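Here's the structure we're looking at; comments come further down.
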Amino acid sequence: MQLFNKLKESFIKTKENFSNKLKSIFAFFTKVDEDFLNKLEESLIMSDVSVPAASKIREKLREKCKYDNIQSPDEILNILKNIIISIINCEIKNNFAQKNIILVAGINGVGKTTTIGKLANYYKNYKNQEHKILIAAADTFRAAAAEQLELWAERAECEIVKKSEGSDPGAVVYEALEKLKRENFDFLICDTAGRLHNKSNLMAELSKINRIIDKNIDKNIKKFIFLVLDASTGQNMINQVEEFSKILNINGLIITKLDGTAKGGAIISIREKFPNIPIKYIGIGEQIEDLSEFDSRQFSDSIISKQ
Ligand code: GDP
Ligand code: MG
C-alpha cells in the first residue's frame with residue numbers, strides 16, 4: 001500500500017472520532033456564535049484535545065471569523081484545519097552529523113524496540129544514501145528484550161551490540177559508542193528499558209546512560225534523544241513527556257500506534273503543551289516500514305472532515 005493511503009487509513013479511528021462530533025455540530029450550524037464555539041470546544045475536548053488546546057483553537061477561530069466574516073461550514077472547516085496546523089506544526093528535520101547516536105527512551109510497551117527496528121531500516125537508506133547502522137541492546141532488564149531487538153537487527157540487516165541479561169546497560173552503550181567511533185557506522189541507536197524495579201531506578205539508569213554518552217562522545221558525533229509515546233494512552237502522553245524531560249533533554253517525540261487508536265487528537269494537546277519538543281515520527285503499524293515522518297498538514301487534513 002502506498003504510504004499516503006496507509007497514513008490515511010491509520011488515522012481512520014481518530015478521524016471518525018473527530019468527524020462524528022463535527023458532523024453533529026454542523027448539522028445545526030447557522031453561524032459562528034458563542035453556541036457554536038462552545039459546542040466545537042466541547043467536541044474537541046471529547047476527542048482527546050486538552051482543555052488549553054481546545055480553548056486556544058476556539059479563540060483563534062472566533063478571532064478569525066470575526067475579522068473575515070466567514071459564513072459557510074466548508075470555510076470554517078478549512079480555518080479549523082489551518083488553526084490545528086499552526087499548533088501542531090514542528091521542525092521534523094534532524095540535521096544529522098556524519099556520525100550520530102540516538103538514545104531511545106520511553107515507558108514499557110510504548111513501542112521503543114519496534115520503533116528502533118523501523119528507524120534502523122529507515123536510516124539505512126536515508127535521503128537515498130546508504131548508511132551503516134548499529135543498534136545497542138541497552139534494555140538488559142529482561143532477556144527477551146535483547147532477543148526481540150536482535151530480530152529487528154536481522155530484519156533491518158544491521159549490527160547489534162548486546163550483553164547477557166542483567167548486565168550493566170551503561171556498559172552496553174559504552175561498548176557500542178566505541179564501535180561507532182572505531183568502525184564506519186553512521187548511526188548508533190540505543191534501546192533502553194522502560195521498566196525497572198521502580199520509577200526512580202529507571203530515571204537514575206537513564207541519566208547514567210546519558211552521562212556515559214556525554215563523557216565518551218566525540219566532537220564529530222551528534223547525540224539525539226527521542227522519547228517514544230503510545231498514542232492510545234491519549235493525554236497520559238503529557239505526563240510522560242513531563243517526567244522524562246526532568247532528566248533528559250528530549251530532541252523529539254515518536255508517537256506510535258496511531259493506527260489502532262481514536263485518541264490521535266492528543267497529538268494536538270502535546271504540541272500545545274510542549275511547543276519546543278517536535279514530533280519527529282509516527283508509528284502506524286507493527287511492520288518494519290510502518291514509520292513515517294510527522295506531517296502536520298497531512299494529519300490535520302486526515303482527521304478533520306464533516307463527512
Ligand atoms: P517497548 O516495550 O517500548 O520496547 O515496546 P515494543 O517495541 O516491545 O512494542 C510493544 C507492542 O506494541 C508490540 O506488540 C508492538 O508490535 C506494538 N507496536 C509498536 N509500535 C506499533 C505501532 O506503531 N502500531 C501498532 N499497531 N503496534 C505497535
Ligand atoms: Mg523494548
Side-chain angles (χ1 to χ4, degrees), residues 1 3 5-15 102-122 135-156 158 160-167 169 172-173 176 189-197 199 201-203 205-206 209 225-234 236-237 239-241 243-244 248 250 252-264 266-267 270 279-295 298-299 302:
M1 201 186 316
L3 184 64
N5 290 335
K6 170 91 196 184
L7 277 169
K8 252 187 133 164
E9 197 166 279
S10 304
F11 298 142
I12 231 155
K13 286 192 180 160
T14 297
K15 181 201 159 121
I102 300 171
L103 185 65
V104 178
I107 64 169
N108 205 38
V110 289
K112 290 179 296 303
T113 306
T114 308
T115 300
I116 288 168
K118 294 174 183 177
L119 284 175
N121 183 60
Y122 182 71
I135 55 185
D139 177 358
T140 57
F141 192 61
R142 299 172 302 129
E147 285 161 23
Q148 189 193 351
L149 193 65
E150 206 163 23
L151 272 178
W152 283 109
E154 275 168 32
R155 289 181 194 130
C158 66
I160 180 169
V161 171
K162 70 178 190 106
K163 288 180 185 284
S164 54
E165 180 187 354
S167 37
V172 177
V173 171
I189 315 175
C190 304
D191 198 7
T192 59
R195 185 198 288 147
L196 290 183
H197 301 289
K199 197 176 88 188
N201 271 356
L202 174 66
M203 294 302 175
E205 180 175 286
L206 275 172
I209 292 174
I225 301 179
F226 290 160
L227 180 67
V228 180
L229 303 166
D230 172 350
S232 64
T233 61
N236 275 338
M237 292 191 283
N239 304 336
Q240 290 163 36
V241 180
E243 287 301 313
F244 283 87
L248 297 172
I250 297 163
L253 305 174
I254 302 176
I255 315 282
T256 62
K257 308 191 198 180
L258 273 163
D259 50 305
T261 183
K263 294 186 178 176
I267 277 188
I270 294 231
I279 296 174
K280 297 286 183 181
Y281 304 103
I282 55 171
I284 50 172
E286 297 185 276
Q287 304 302 312
I288 201 160
E289 68 278 8
D290 293 336
L291 179 90
S292 170
E293 285 185 343
F294 176 61
D295 180 333
Q298 221 251 328
F299 181 75
S302 304

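All heavy atoms count here, side chains included; hydrogens, waters and symmetry mates do not. This is a predicted model, so every value here is computed, not measured. Start at 1 and go down the list; that is how both ligands and their atoms are numbered. Here, residue 1 is the first one in the sequence, and each next residue gets the next number.
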When rounded to the nearest 0.5 angstrom, what distance separates [atom1] in [X] from [atom2] in [Y]?
{"X": "Q240", "Y": "I270", "atom1": "CD", "atom2": "CD1", "answer": "8.5 Å"}
{"X": "I255", "Y": "I284", "atom1": "CD1", "atom2": "CD1", "answer": "13.5 Å"}
{"X": "C158", "Y": "N121", "atom1": "SG", "atom2": "CG", "answer": "9.0 Å"}
{"X": "T115", "Y": "D290", "atom1": "OG1", "atom2": "CG", "answer": "10.5 Å"}

* To do: For the pair F294 and F299, name the ring-plane relationship: parallel under 30°, tilted 30 to 60°, perpendicular over 60°.
  => tilted

Winner among [options] once heavy atoms are compared against [atom]:
{"atom": "atom 22 (C) of ligand 1", "options": "G111, S10, G285, S292", "answer": "G285"}
{"atom": "atom 6 (P) of ligand 1", "options": "T114, T115, D139, I282", "answer": "T114"}
{"atom": "atom 12 (O) of ligand 1", "options": "Q148, R142, K257", "answer": "K257"}
{"atom": "atom 20 (N) of ligand 1", "options": "R195, Q287, K118", "answer": "K118"}

* Going through the distances and angles, do E243 and K199 end up as a salt bridge (charged side-chain N to carboxylate O under 4.0 Å, His left out)? -> CA-CA 10 Å; E243 287 301 313; K199 197 176 88 188; 3.1 Å; yes

* Asked: Which part of D259 is near ligand 1, with near meaning a heavy atom under 4.0 Å away: side chain, backbone, both or neither?
  -> side chain

* Asked: Backbone, side chain, both or neither: what part of I284 comes under 4.0 angstrom of ligand 1, heavy atoms only?
  -> backbone

* Asked: Is it true that V110 lies under 4.0 Å from ligand 1, counting heavy atoms only?
  -> yes

* To do: State which residue, out of I107, V110, T114, fulfils the side-chain contact (heavy atoms from CB on, under 4.5 Å) condition with V228.
  => V110

With a cut-off of 4.0 Å, which atoms of ligand 1 are near a heavy atom of [X]?
{"X": "N108", "result": "2 (O)"}
{"X": "G283", "result": "23 (O)"}
{"X": "T113", "result": "4 (O), 7 (O)"}

* Structure fact -> The closest protein heavy-atom partner of atom 17 (C) of ligand 1 is E286 OE2, 3.9 Å

* Asked: Can you tell me which residue and heavy atom of the protein come closest to atom 10 (C) of ligand 1, and the distance to 0.1 Å?
  -> G109 O, 3.6 Å

* Can you tell me if an N/O/S atom from T113 lies under 2.8 Å from the Mg ion (ligand 2)? -> yes

What are the two closest heavy atoms between [X] and [Y], and how far apart are they?
{"X": "A266", "Y": "M237", "answer": "CB-CE, 3.6 Å"}
{"X": "Y122", "Y": "E293", "answer": "OH-OE2, 3.1 Å"}
{"X": "G264", "Y": "L258", "answer": "CA-CD2, 3.8 Å"}

* Check: L258 N/O within less than 3.5 Å of ligand 1 N/O -> no

* Judging by distance only, is a nitrogen or oxygen of K112 under 3.5 angstrom from one on ligand 1? -> yes

